[in-house]
J.: 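Below you'll find the structure I mean.
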Amino acid sequence: MKPTGFVFHEDYLRHETGDQVYSFKGGKTINVGNEFENPLRAQYIKEMLDKSGLLTKMKSFRPHPASDTDLLRVHSQRHIVHLKEACQKGDRILGPEVYGCHVSEEIARLSAGGAIKAVDIAMKDEEIRQVYALIRPPGHHASRDQAMGFCLYNNVAVAARYAIDSLKLKRVAILDWDVHHGNGTQDIFYHDNNVLFISVHEAGYFPANTGSVDELGVSAGKGYNVNIPLPSGTGDAGYLYTFERLVQPIINEYQPELLLVSAGQDPSGLDPLSRMMVMRPGFRSMAKAVRELADKICDGRLVVLQEGGYSLPYLPIATLGVIEGLMDCEVDFHDPHAIPNQPITYDLVEAVTLCEKILAPYWNSLCTPAHS
Ligand SMILES: [Zn+2]
């Protein structure tokens with residue numbers, strides 16, 4: 001079993017996001033319960049890893065909060081001050097679809113600190129090269145100046161910039177398999193070629209009007225921003241096909257010194273915020289693919305950061321799949337929600353072929369389609 005680090009802090013459960021309340025004109029409301037991004041997500045994942053026996057086989061680490069210096073590498077001072085002041089005032093709405101409480105800025109800082117801790121372990125620990133960080137709030141929708149979509153600070157961006165500025169790495173790759181486009185991460189690195197950003201997401205969903213394959217980066221960053229929008233219902237086999245045709249060749253050609261994953265388990269078949277049908281075996285295979293890629297390219301240096309995933313019953317099972325893939329093992333656990341593997345669809349092959357055609361001028365490893 002491959003040695004694997006685990007970064008977690010119990011304070012991640014203190015970031016409260018409240019209930020979803022629908023309002024009618026005239027003042028009537030309906031309370032439909034917890035916000036999608038709530039503390040139970042992390043609690044259930046932790047419990048799954050604990051009771052499956054995997055946690056005792058991982059080496060656990062506690063993070064520290066990110067400093068202002070760490071945050072200012074990717075965020076503006078104005079953004080930090082806004083979050084601090086809004087939380088001090090007790091505001092619940094911190095940005096578009098971002099909810100919090102009086103300690104949320106502090107916990108978001110600890111979440112970004114968890115990402116930094118994971119990088120430090122992967123780069124410096126004598127035994128451990130790969131780390132899973134169970135952090136929240138998530139980060140990939142947060143841009144330099146704005147919180148968005150449950151995200152306050154952009155954890156993966158803070159981690160990548162830390163690796164470059166403090167640890168002097170020259171090439172870092174970020175693979176974002178959260179079902180939503182990683183628009184914040186894209187914005188932060190759009191001009192850069194020392195960070196390769198690849199987002200695999202459900203086409204035409206959230207956020208609106210971002211995530212097209214035509215968004216390639218600008219100036220030195222042109223070609224280093226890779227969006228792979230996939231059709232609804234892609235499933236396990238479709239994701240693996242996409243990895244083999246696009247993700248693996250591009251990362252292999254880039255030769256990063258560290259591979260970061262924005263791991264949202266919201267492409268799952270039971271997720272309320274997607275329609276992608278990825279199940280535990282799919283997540284296991286995706287994690288295995290990134291482990292093998294990191295082993296081949298960067299001495300196994302791999303950091304997997306928790307992003308989204310909103311099905312409370314399935315998030316722990318999907319994440320179990322991720323950890324199994326990372327550690328190269330399979331726990332004896334029956335998934336009561338398992339479904340037969342979905343075949344690769346014509347729509348998926350067409351979507352991947354279109355991406356390949358648009359990206360081929362920037363990546364020699366992509367074979368140009370014969371009938372382009
Ligand atoms: Zn998401």
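No hydrogens, no waters, no symmetry mates; every other heavy atom, side chains included, goes into these values. By convention here, the first residue in the shown sequence is residue 1. When a ligand or atom number is given, it counts from 1 through the structure's own listing order.
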J.: Taking only Lys NZ, Arg NE, NH1 and NH2, and the carboxylate oxygens of Asp or Glu, determine whether Glu35 and Arg92 approach each other closer than 4.0 Å.
T.: yes
J.: Would you say the side-chain atoms of His337 and Asp335 include a donor-acceptor pair closer than 3.5 Å?
T.: no
J.: Is the Zn ion (ligand 1) less than 2.8 Å from at least one N/O/S atom of His140?
T.: no
J.: Taking only Lys NZ, Arg NE, NH1 and NH2, and the carboxylate oxygens of Asp or Glu, determine whether Glu10 and Lys46 approach each other closer than 4.0 Å.
T.: no
J.: Round to 10° and report the angle made at the Zn ion (ligand 1) by OD1 of Asp178 and ND1 of His180.
T.: 100°
J.: Taking both backbone and side-chain atoms into account, decide whether Asp266 has an N/O/S atom under 2.8 Å from the Zn ion (ligand 1).
T.: yes
J.: Which of these, His141, His181, His201, sits in a ring pair (Phe, Tyr, Trp, His ring centres under 6.0 Å) with Phe206?
T.: His141
